[in-house]
Amino acid sequence: MTATATPPGAPLDSRAQAAARARRLLLGQHVLLLIALILLGTYFTSRLDFFLTSQNVLTILRFSAVTFIVATGFTLVLIGGGLDLSIGSGMAVVGVTAGKLFEAGVPLVLAFVLGVVVGVAIGFVNGFIVTRFRINPLIATLAMLFVLLGVAFIITDGRSTQLRDDGFRFARENVGGVPVPVFFLIAVAVLSVVLLHTTKAGRHLFAVGGNPDAARQAAMNVDRFRLGMYTVAGLYTGIAGVLLASDLGAIAPNSARNWELYVATAVFLGGASLTGGRGSVVGTFIGVVFVSALDNGLVQMAVRPQIVLIVVGAAMILAVAFDQRPKGGFR
Amino acid sequence: MTAVVPEDPTTEMSGWPQRLRDLVFSGKLTWVTLGAVIVAEFVIFSIAAPRFLSTTNLLNTGRATAVLMIVATGATFGLISGALDISGASVMALSGTIGTQIVIAGYPASLAILAAIASGFGAGLVNGFVVVKLRVNPLVATLGMLGIALGLAFIVDGGSGIAGNLRQTTDGAYGVMKNDLVGIPLPLVFAVLFAAAGWVLLAKTRFGLYAYAVGGNASAGRSVALPVDRLRMMYLVFSGACAATGGWVLSSTLGGSGAASVPGTLILTVVTAVILGGVGLMGGTGTMGGTILGVIVLGVLENGMTLAGWPTFYQYVVEGLLLLLAVGLEAVRTGGYR
């Protein structure tokens, strides 16, 4: 996102401005990340014969889809100046709710819809706590991370069970050779881009996150925006939670542990800012594909999964450091 | 901490509402409330679980809570200086794993303990470097370290997550924390001394005073020529070293530990204890006394719930809600997040 819009009435592009814009475009975080992704892909392709096969690319996309959906919610919340660390636990609650309902004989579609509704409710509760009780979103959602994790364990009594039902496992199907979750990815991406860039509420969200005080001065109801964005993020958590449960074919309260780290890394790599007002769906998509490709390639090179954890942690620090550099960062 | 009562001319209150308001804003309420909560816990749990009030159980609670006290001491300094360090649980895992593997490899216990605690210095130095030099928000820096230290711990123990050959580590000085000192568990003795030292360090020394200065108003600190960056680094290193010390105590109590021996949820307990104890999220406020009370509240809660037969995961819910309550109270006091 280039947040600097030319003010109306300002003189049109001088040569210097054009150069600055070109530099911004070329050195923008998207482009750098895209270059990094291509380099990474080239490296893995040279080391692994099957990295660039269509099958593996589809696998990467399939894994990207669930991450992307929840990461988009995370991005919206960041744009609005919030933070949501409860996403992994939220997905777990959604997944086990849908699974338990289905196990109890509730029709498949209804079980999934109710799961998504639970996700929306979780998002609403997050937003409510942040806006009504004035609790810092970092701590509010950290607390929710554990409350929801506990709830997921309580629902399942601490056990994981397999669900061997082809209907429940619809996320493993392919339609026209494309994995089902990819269609959800496209739907969420389109919906989010439309929400963010064509509606007034979407455009105002950037203002709310970038400078809440100024937004209040401009008579925007900051709290209502925040409540709304957490609720939409909850919707995405719901969709992602259902897809993950379906993909695993299991009721597993532990399924989305540590997702916060992966999602935060992808989103920060994609150029969203911890200080609000900045972020984009496209950037998040590239970030998610980058992290998924990294994970996929490293695992196939038989690198231990723990090393992936280290690489991801370091990548997140570097992404934020790079992002904060021009603005002076944390002082 | 004594918070400044904001001037609010629109509300003229007298009698008990004003006194209640003053009490809320003064921060004394934190201590009174925590004391009351601890008493309430003792009443509830001694009814719910008859074994709760036995000397053996109380000493066990002390043993189990010792690690929390040690890590929370470091986190208190960190948060007062403005850095919420959430890498603690992973640093503990790394420290315990390094110590255990060194003992298993046949080196003396003193070396193992030194190396374990040094790993926390290392993690804290990296955190500090990232915050001070790369200008990354401490939350993100330590979230990254959470992944890195846990990954390293798994590498050190060979990916198993467990201690390896446990028997060898139970002997000798490394496992000293399994013992009692005149009937009192050694970890409890150690934690009490540790917390007392932390109290003195925070309340009576420049090291403590500067934490408030850096966390309360960094730019004011800079303008009176405080080396803010170096100090920030020192508090993160201190926090890492405390976490590593806690990691060694846990490892020693268990007789050796691996990367999976430290539950990741421990960091929630640490953060909850510190914030319950009245350390402000924005830095610059808080006391060791508050943290100690916060640690006791949570230690008794965990023990009592376990004795009363509640599964661990109910504790996540209760602790999460407690954290929300603690921050909610702080938000009332400070005006909260806007």
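Lettering of chains follows the sequences in order, A, B, ..., and the numbering in each one begins at 1.
- Under the side chain to side chain contact (heavy atoms under 4.5 Å, CB included) criterion, B:Ala273 pairs with B:Val295, B:Leu298, not counting sequence neighbours.
- We find the CG-OG1 distance between B:Asn137 and A:Thr275 to be 9.0 Å, quoted to the nearest 0.5 Å.
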Would A:Ile317 and B:Leu143 satisfy side-chain contact (heavy atoms from CB on, under 4.5 Å), going step by step from the backbone distance to the final call? CA-CA 8 Å; A:Ile317 291 175; B:Leu143 182 65; over 6 Å; no
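- Taking CG of B:Leu139 as the reference point, atom CG of A:Leu85 lies at 7.0 Å (rounded to 0.5 Å).
- Here A:Ile154 is the residue among A:Val130, A:Ile154, A:Thr265 with the most heavy-atom pairs under 4.5 Å with chain B.
- Interface residue B:Val140: backbone and side-chain heavy atoms are both found under 4.5 Å from chain A.
- Looking at every heavy atom in both residues, B:Leu134 comes nearest to A:Ala321 through CB-CB, 3.8 Å.
- Taken to the nearest 0.5 Å, the CD1 atom of A:Ile139 stands 8.0 Å off from the OG1 atom of B:Thr272.
- By number of non-hydrogen pairs under 4.5 angstrom with chain A, the leading residue of B:Val126, B:Val271, B:Ile275, B:Leu323 is B:Leu323.
- Residue A:Val308: no heavy atom, backbone or side chain, is found under 4.5 Å from chain B.
- To the nearest 0.5 Å, atom CG of residue B:Leu324 and atom CZ of residue A:Phe146 are 12.0 Å apart.
- Taking 4.5 Å as the limit, some side-chain heavy atom of A:Leu138 sits within range of a side-chain heavy atom of B:Leu84.
- In this structure, the side chains of B:Ile148 and A:Val311 stay at 4.5 Å or more apart for every pair of heavy atoms.
- Contacts between A:Leu145 and chain B at a heavy-atom distance below 4.5 Å are absent for every atom of the residue.
- Contact between B:Gly320 and A:Ala143 at its shortest, heavy atoms only, is O-CB, 3.3 Å.
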I'd like a table of donor-acceptor pairs (distance under 3.5 Å, sequence neighbours excluded) in which one partner is a side-chain atom from residues 308-317 of chain B, with atom names and distances.
unit_1: B:Gln315; atom_1: NE2; unit_2: B:Glu302; atom_2: O; d: 3.4
unit_1: B:Gln315; atom_1: NE2; unit_2: B:Thr306; atom_2: OG1; d: 3.1

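- In terms of heavy-atom proximity, B:Leu152 sits nearest to A:Ile310 at N-CD1, 3.6 Å.
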After noting the C-alpha distance and the side-chain angles of B:Met282 and A:Asn136, does the key distance pass the side-chain contact (heavy atoms from CB on, under 4.5 Å) rule? CA-CA 10 Å; B:Met282 289 310 167; A:Asn136 184 301; 3.6 Å; yes
